[in-house]
*Asks:* 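First the structure, then my questions, so here it is.
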Number of protein chains: 2
Amino acid sequence: MASQALPYRPHNHQACVSQALADARAICRAQNARLTPTRERVLELIWQSHKPLGAYDVLAELTAEGQSAAPPTVYRALDFLQQHGLVHRIASLNAFIGCAHAGENHTGMFLICRSCGNVLELKAPGVSGAIEGAAKAEHFKAEDVTLEIAGLCPRCQAENRHD
Amino acid sequence: MASQALPYRPHNHQACVSQALADARAICRAQNARLTPTRERVLELIWQSHKPLGAYDVLAELTAEGQSAAPPTVYRALDFLQQHGLVHRIASLNAFIGCAHAGENHTGMFLICRSCGNVLELKAPGVSGAIEGAAKAEHFKAEDVTLEIAGLCPRCQAENRHD
DNA sequence: GGAAATTTGATATATTATAACATTTCCGGA
DNA sequence: TCCGGAAATGTTATAATATATCAAATTTCC
Ligand SMILES: [Zn+2]
Ligand SMILES: [Zn+2]
Ligand SMILES: [Zn+2]
Ligand SMILES: [Zn+2]
């Protein structure tokens with residue numbers, strides 16, 4: 001099924017990483033923010049796949065590379081990356097994933113496969129509109145939306161069909 | 001504004017608690033589940049307000065009452081209550097809140113006021129439909145939806161208007 | 001060059017959640 | 001009524017996630 005989204009099928013993932021890093025450099029330059037080596041390396045590690053990575057997974061990779069790193073090292077870098085819209089935190093997993101729409105001013109909607117662990121980030125304007133409408137109906141001023149959907153991706157549905 | 005939802009305005013909250021406990025007893029009886037004293041007490045504590053309560057807050061109240069309780073005591077009770085649809089976990093806060101629609105087969109949508117801390121649970125079928133539509137468009141089988149909206153409730157918007 | 005601001009290093013600790021195993025309680029059938 | 005298995009609880013230890021605090025280094029900008 002060629003129309004399947006990237007995370008759920010084989011693809012040249014190195015291209016995802018390169019693109020994400022290039023975007024990040026451009027965004028930080030535009031915002032006068034400093035994408036220091038540690039921050040950039042953390043972003044690259046987060047992008048090593050389309051599966052969310054825990055802060056301590058990142059930390060383990062950094063220390064394996066010989067960097068002197070402690071938890072605050074990682075959390076600071078992740079905070080910076082979140083603030084500049086380069087990564088998202090997945091609250092239901094306590095983990096982090098690269099933003100697939102960096103710089104696009106969006107509220108993320110995440111489809112999380114409980115079998116393969118891959119995550120697809122959608123923009124889904126229809127959903128955002130419905131959410132804002134529901135909030136407005138309650139006179140609630142929405143500022144930050146957490147929308148995470150766990151289930152089975154197309155590939156894993158197909159695989160499990162033979163159980 | 002009389003149309004404001006309960007959590008955001010003064011009301012006879014004891015009625016909320018009584019109703020929730022009565023519903024819980026009925027639901028457990030119908031499902032042949034045992035609402036033991038500890039489980040019922042934890043549910044009552046969770047319902048002590050419309051603000052989510054952390055597991056360790058519940059634990060502190062239990063020990064203050066002289067009960068011999070440890071973290072597993074609380075987490076087990078909360079697991080039971082979640083499994084029977086009596087409480088929800090708010091992933092973005094690591095906290096728990098009583099379900100406002102117990103027994104109604106719904107996916108919760110939570111409006112979380114960052115100022116007063118109160119949470120309103122909505123049913124919002126339009127939102128659920130839009131989410132399912134977006135998932136289906138990606139051939140994703142949605143199983144569990146986390147939808148949490150942080151912002152300002154009507155009351156806190158009005159109060160902060162004079163800053 | 002030097003003061004102020006930002007970033008990083010380093011240590012300690014807070015907060016949230018689960019593993020593992022022993023003991024007790026409950027409940028249905030002999 | 002008593003027994004046996006299942007469910008629930010008690011208890012201790014530990015895992016996993018996240019933050020506080022203060023010192024040192026680096027960058028920025030005048
Ligand atoms: Zn990729
Ligand atoms: Zn995004
Ligand atoms: Zn109430
Ligand atoms: Zn509910």
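Every chain is numbered from 1 and lettered A, B, ... according to where its sequence line falls, protein lines coming before strand lines. Hydrogens, waters and symmetry mates play no part in the numbers below; they use all other heavy atoms, side chains included.
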*Asks:* Can H88(A) and E121(A) be counted as having a side-chain donor-acceptor contact under 3.5 angstrom?
*Replies:*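 Yes - a donor-acceptor pair under 3.5 Å links their side chains.
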*Asks:* Do H11(A) and H50(A) have side-chain atoms, one donor and one acceptor, less than 3.5 Å apart?
*Replies:*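 Per modelled atom types, H11(A) and H50(A) side chains form a pair under 3.5 Å.
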*Asks:* Starting at atom CG of L35(B), determine the distance to atom P of dA7(D), rounded to an integer number of angstrom.
*Replies:*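 Checked: the CG to P distance equals 18 Å.
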*Asks:* Yes or no on side chain to side chain donor-acceptor pair (under 3.5 Å) for D23(B) and Q19(B), after CA distance, side-chain angles and deciding distance?
*Replies:* CA-CA 6 Å; D23(B) 289 350; Q19(B) 183 67 53; 2.9 Å; yes
*Asks:* By nearest heavy atom, map T36(B) and Y75(A) onto DNA chain D; which one lands nearer the 5' end?
*Replies:* T36(B)
*Asks:* In this structure, how many angstroms lie between the C1' atom of dT26(D) and the CZ atom of R76(A), rounded?
*Replies:*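 From R76(A) CZ to dT26(D) C1': 14 Å.
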*Asks:* To 10°, what angle do the rotation axes through the five end pairs on each side of the helix from dG1(C)-dC30(D) to dA30(C)-dT1(D) form?
*Replies:*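 Both end axes considered, the difference amounts to 30°.
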*Asks:* Below 4.0 Å from chain B heavy atoms, what is the first contacting nucleotide of DNA chain C and what is the last?
*Replies:*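 Listed 5' to 3', the contact boundaries are dT16(C) to dC26(C).
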*Asks:* For the side chain of R34(A), counting heavy atoms from C-beta on, which of dT11(D), dT28(D), dA18(D) is nearest?
*Replies:*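 That would be dT28(D).
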*Asks:* Do C153(A) and H139(B) come close enough that some side-chain heavy atom pair is under 4.5 Å?
*Replies:*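 Heavy-atom side-chain distance check fails, nothing below 4.5 Å.
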*Asks:* So, are R25(A) and E40(A) salt-bridged, with charged N and O less than 4.0 Å apart?
*Replies:* yes
*Asks:* Could you go through R155(A) and N118(A), starting from their C-alpha distance and side-chain angles, then the distance that decides it, and tell me whether this counts as side chain to side chain donor-acceptor pair (under 3.5 Å)?
*Replies:* CA-CA 11 Å; R155(A) 171 169 291 250; N118(A) 286 301; over 6 Å; no
*Asks:* Is I97(A) close to F110(A) at the side-chain level, that is, under 4.5 Å between some pair of heavy atoms?
*Replies:* yes
*Asks:* For the residue pair V119(B) and Y8(B), what are the closest heavy atoms and their distance?
*Replies:* C-OH, 4.3 Å
*Asks:* Please give, in whole Å, the distance from dT27(D) P to N32(A) CG?
*Replies:*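 Roughly 16 Å, once rounded to whole Å.
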*Asks:* Please state how far atom CD1 in I90(A) lies from atom P in dT17(D), giving the value in whole angstrom units.
*Replies:*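 The answer, rounded to whole Å, is 14 Å.
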*Asks:* Taking the cut-offs as 6.0 angstrom to the six-membered ring centre and 45 degrees off its axis, would you call R39(A) and F80(A) a cation-pi pair?
*Replies:* yes
*Asks:* For D79(B) and dA8(D), what is the distance between atoms CG and C1' respectively, to the nearest whole Å?
*Replies:*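 Whole-Å distance recorded here is 13 Å.
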*Asks:* Cut-off 3.5 Å, side chains only: do T107(B) and S128(B) have a donor facing an acceptor?
*Replies:*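 Yes, because at least one side-chain N or O of T107(B) sits under 3.5 Å from a partner of the opposite role on S128(B).
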*Asks:* Counting only non-hydrogen atoms, which of residues 41-72 of chain B are less than 4.0 Å from DNA chain D?
*Replies:* S68(B), A70(B), P72(B)
*Asks:* Can you check the L93(B) CG to dT17(D) C1' distance for me, whole Å?
*Replies:* 16 Å
*Asks:* Take atom NZ in K141(B); do more than 12 heavy atoms of anything else shown fall under 6.0 Å from it?
*Replies:* no
